[in-house]
Amino acid sequence: MRTLEHFPNLVSMFFARARERGDTPFLWHKADGQWQSLSWADAARQVASLAAGLKALGLKRGDRVMLVSENRPEWCISDLAIMAAGCVTVPTYVTNTQRDHQHIMENSGACAVIVSTAKLARTLIPAALHASTPEKIIGIEDVRLSQPGSLEFHGWHQLIADHPASADAAAGEANFTREDLACIIYTSGTGGAPRGVMQHHGAILHNVAGCSAVISEDFGWGDEVFLSFLPLSHAYEHTGGQHFAIGLGGQIYYAEGLDKLAANIEEVRPTIMFVVPRLFEVLRTRITKAVEKQGGMAAYLLAKALDVGAKESEGRLRLTDRPAQLAVRTLFKPKIAKRFGGRMKAMVSGGAPLNPEVGLFFQSLGVTFLQGYGQTEAAPVISCNRPSAGVRMDTVGPPLQNTEVRIADDGEILVRGELVMHGYWRNEIETARVLKNGWLHTGDIGLIDEAGRIKITDRKKDIIVNDKGENVAPQKVEGMLTLQPQIAQAMIAGDRRPYMVAVIVPDPEWTQEWCAANRTACDFKRLGEDSSYRAAIAAAVDRVNQDLTVTERIRRFILADAPFTIENEQLTPSLKIRRHILRAAYGERLDALYKG
């Protein structure tokens with residue numbers, strides 16, 4: 001079993017791995033249809049040179065530098081170089097509006113921005129011109145304006161070329177401590193304006209060490225390959241897909257996009273991936289539909305795989321199930337494994353609650369699926385399922401090593417340890433609200449089972465309390481609704497009301513199939529008024545209601561005007577629904593469901 005060394009900071013960890021790995025591949029991207037790599041040694045030289053360039057521009061220790069880029073090798077190099085220069089990285093989402101960018105610039109006091117493309121600069125630069133900061137824009141590609149106003153423009157590659165520096169010298173200058181601020185990550189704002197979470201070097205290193213122990217003890221630490229596709233501006237991918245990969249000395253491939261993710265998985269053959277539940281809800285639907293279309297033996301084996309998987313998870317597999325188990329293992333699971341590259345150790349789900357039925361589905365297909373739990377304020381991983389502790393899909397596993405978790409009297413999960421943030425940037429009131437006597441008050445409700453695994457029951461602030469004072473956990477009900485083939489997305493409501501109502505987004509593929517079967521045009525506005533179409537969706541809601549308590553059941557619903565997306569701000573970049581935005585959009589119509 002291999003253990004991770006105790007590093008003083010993230011920069012030291014990177015340069016240590018670069019010395020060990022030398023000219024072996026580190027960062028991969030697709031260019032002209034081919035995967036191309038950057039070695040550890042070359043990456044270290046670029047990090048050292050870019051750090052020197054940032055210092056030459058006048059950036060000082062503690063200065064904040066925004067980073068606005070899609071996932072690519074330059075993201076990782078920029079992040080490490082900002083920290084190597086003694087500065088603080090402020091990652092932001094590429095989907096941010098001008099208003100979002102301006103809020104983060106003003107709040108963080110960023111004095112410089114690294115931006116990747118002219119397209120992203122079109123939203124960013126107007127925000128910079130309106131903000132009191134920053135002064136310097138560094139373009140990975142050409143982003144210069146013909147009339148820059150008060151802004152200074154610099155080329156990312158030119159800064160590196162003009163300031164050649166030694167990786168060993170840069171490593172020697174990295175005298176930061178684990179207590180020093182590494183980055184300010186702005187939460188995605190499910191309930192309002194984003195807040196800047198101050199993550200220190202030790203918080204992320206604590207996560208890296210804890211996750212490394214899971215891999216080392218439960219799977220064996222080898223030549224790890226990561227496929228990065230979640231936004232690196234999100235704490236989950238920033239820690240898990242980048243710094244954890246660096247800690248393991250792994251290779252990082254940057255996916256071409258969600259539309260090519262399945263192909264990239266087969267090409268790259270990753271050993272570890274970090275995913276969000278929504279992706280696997282979609283994959284589950286696609287796999288089920290594909291197998292159903294094949295019919296015959298494929299459909300039979302899928303049914304058997306799910307039956308055997310359910311029995312295995314509940315410990316009730318009988319001797320008579322052995323032939324079916326063998327058939328699934330030899331005829332079905334290898335084909336599924338190939339779809340996921342053939343050497344996947346684990347896919348770790350986080351960022352939002354996972355419906356246990358989805359996790360069990362993939363576990364039954366032979367995909368090692370570990371649900372984790374955390375939040376940006378904890379760098380972000382607090383716990384993770386692991387085989388050695390017994391994987392239960394209705395839990396998020398035991399806490400990481402050196403992490404204390406306890407349950408408050410009102411059921412709230414409290415966390416203490418080096419992983420806990422130092423607070424919210426320039427927000428003492430919110431900091432005092434969530435940090436009390438060293439304990440992070442997560443806002444999540446849960447319990448700890450007999451095996452020491454955490455079980456989340458709901459979000460404290462999201463709990464719906466009806467007019468009788470009874471509690472309803474919305475995420476549970478919404479997760480059950482979206483498992484129906486007719487329903488793609490849902491949000492329920494009913495606070496201080498007599499019953500639950502919902503906003504439902506019908507599944508587009510199912511809608512097309514329904515239109516074809518009923519020989520009608522797929523005009524969504526007209527379909528919303530079609531009684532047969534609504535009846536089909538109502539039947540799906542009724543099926544879910546059969547497994548809910550009387551208090552939880554959906555009595556009435558409306559159809560959404562459009563899918564919940566990042567672009568219309570109804571989803572966060574990590575694909576969680578923004579309840580306050582949806583309530584603003586549909587509140588009047590939901591209220592009308594209680595009349596008449």
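The basis for the numbers below is simple: all heavy atoms, side chains too, and nothing from hydrogens, waters or symmetry mates.
- Ring geometry for F369 versus F362: interplanar angle under 30°, hence parallel rather than tilted (30 to 60°).
- Proximity of a side-chain donor or acceptor of T457 to a complementary backbone N or O of I445 within less than 3.5 Å is detected.
- Of the possible donor and acceptor atoms, none in the side chain of D321 sits under 3.5 Å from a partner among the backbone N and O of V308.
- Between the side chains of Y186 and D100, not a single donor N or O lies within less than 3.5 Å of an accepting N or O.
- In this structure a side-chain-to-backbone donor-acceptor pair under 3.5 Å is present from T187 to R195.
- Between the side chain of Q371 and the backbone N or O of V396, no donor-acceptor pair lies under 3.5 Å.
- Residues L331 and Y300 are not in side-chain contact: their nearest non-hydrogen atoms beyond the backbone lie 4.5 Å or more apart.
- The shortest side-chain heavy-atom distance between L124 and T92 does not fall under the 4.5 Å cut-off.
- Using modelled atom types, one finds a donor on one side chain and an acceptor on the other under 3.5 Å when comparing S228 with E237.
- Remark: side-chain polar atoms of D394 are not paired, donor with acceptor, to backbone N or O of K455 under 3.5 angstrom.
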Show, in sequence, the C-alpha distance, side-chain angles and deciding distance for Q325 and E312, and conclude whether the side-chain hydrogen bond (donor to acceptor under 3.5 Å, both in side chains) test is met. CA-CA 10 Å; Q325 184 185 38; E312 285 178 329; 2.6 Å; yes
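- Note: F564 and Y586 have tilted aromatic rings, judged against thresholds of 30 and 60 degrees for the angle between ring planes.
- With hydrogens and angles left out, the side-chain atoms of E70 and S116 include a donor and acceptor closer than 3.5 Å.
- Aromatic ring orientation, W510 versus W514: tilted (interplanar angle from 30° to 60°).
- A donor-acceptor contact shorter than 3.5 Å links the side chain of N71 to the backbone of L230.
- Not a single donor-acceptor pair under 3.5 Å links the side chain of R284 to the backbone N or O of V358.
- Of the possible donor and acceptor atoms, one in the side chain of T482 sits under 3.5 Å from a partner among the backbone N and O of G479.
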Check step by step if salt bridge (charged side-chain N to carboxylate O under 4.0 Å, His left out) holds for D495 and R583. CA-CA 12 Å; D495 206 46; R583 281 194 289 264; over 6 Å; no
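- Counting only N and O atoms by type, the side chains of Y533 and T511 include a donor and acceptor under 3.5 Å apart.
- For the pair Y373 and I456, the minimum side-chain heavy-atom distance is below 4.5 Å.
- At least one side-chain heavy atom of L527 sits less than 4.5 Å from a side-chain heavy atom of C515.
- No side-chain heavy atom of Y594 sits less than 4.5 Å from a side-chain heavy atom of R556.
- Counting heavy atoms of neighbouring residues, nucleotides and ligands inside a 6.0 Å radius, atom CZ of R72 exceeds 12 of them.
- Between K576 and V276 the shortest side-chain heavy-atom distance does not fall below 4.5 Å.
- A 4.5 Å side-chain heavy-atom check between F219 and I272 finds every atom pair outside the cut-off.
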Take D507 and K289 through the salt bridge (charged side-chain N to carboxylate O under 4.0 Å, His left out) test and state the conclusion after the steps. CA-CA 13 Å; D507 184 84; K289 285 183 176 180; 3.8 Å; yes
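- A donor-acceptor pair is defined here as one N or O able to donate and one able to accept, closer than 3.5 Å; such a pair exists between the side chain of R453 and the backbone of G390.
- In this structure, the side chain of N545 does not engage the main chain of R553 through any donor-acceptor pair within 3.5 Å.
- Taking the side chain as every heavy atom from C-beta outward, L571 and I577 approach each other to under 4.5 Å.
- Residues A540 and I487 share a closest heavy-atom pair of CB-CD1, 4.2 Å.
- Of the inter-residue distances, the one linking K304 atom NZ with L306 atom CG reads 11.5 Å to the nearest 0.5 angstrom.
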Would you please test R497 and D591 for salt bridge (charged side-chain N to carboxylate O under 4.0 Å, His left out) and show each step? CA-CA 9 Å; R497 294 288 197 170; D591 288 343; 3.1 Å; yes
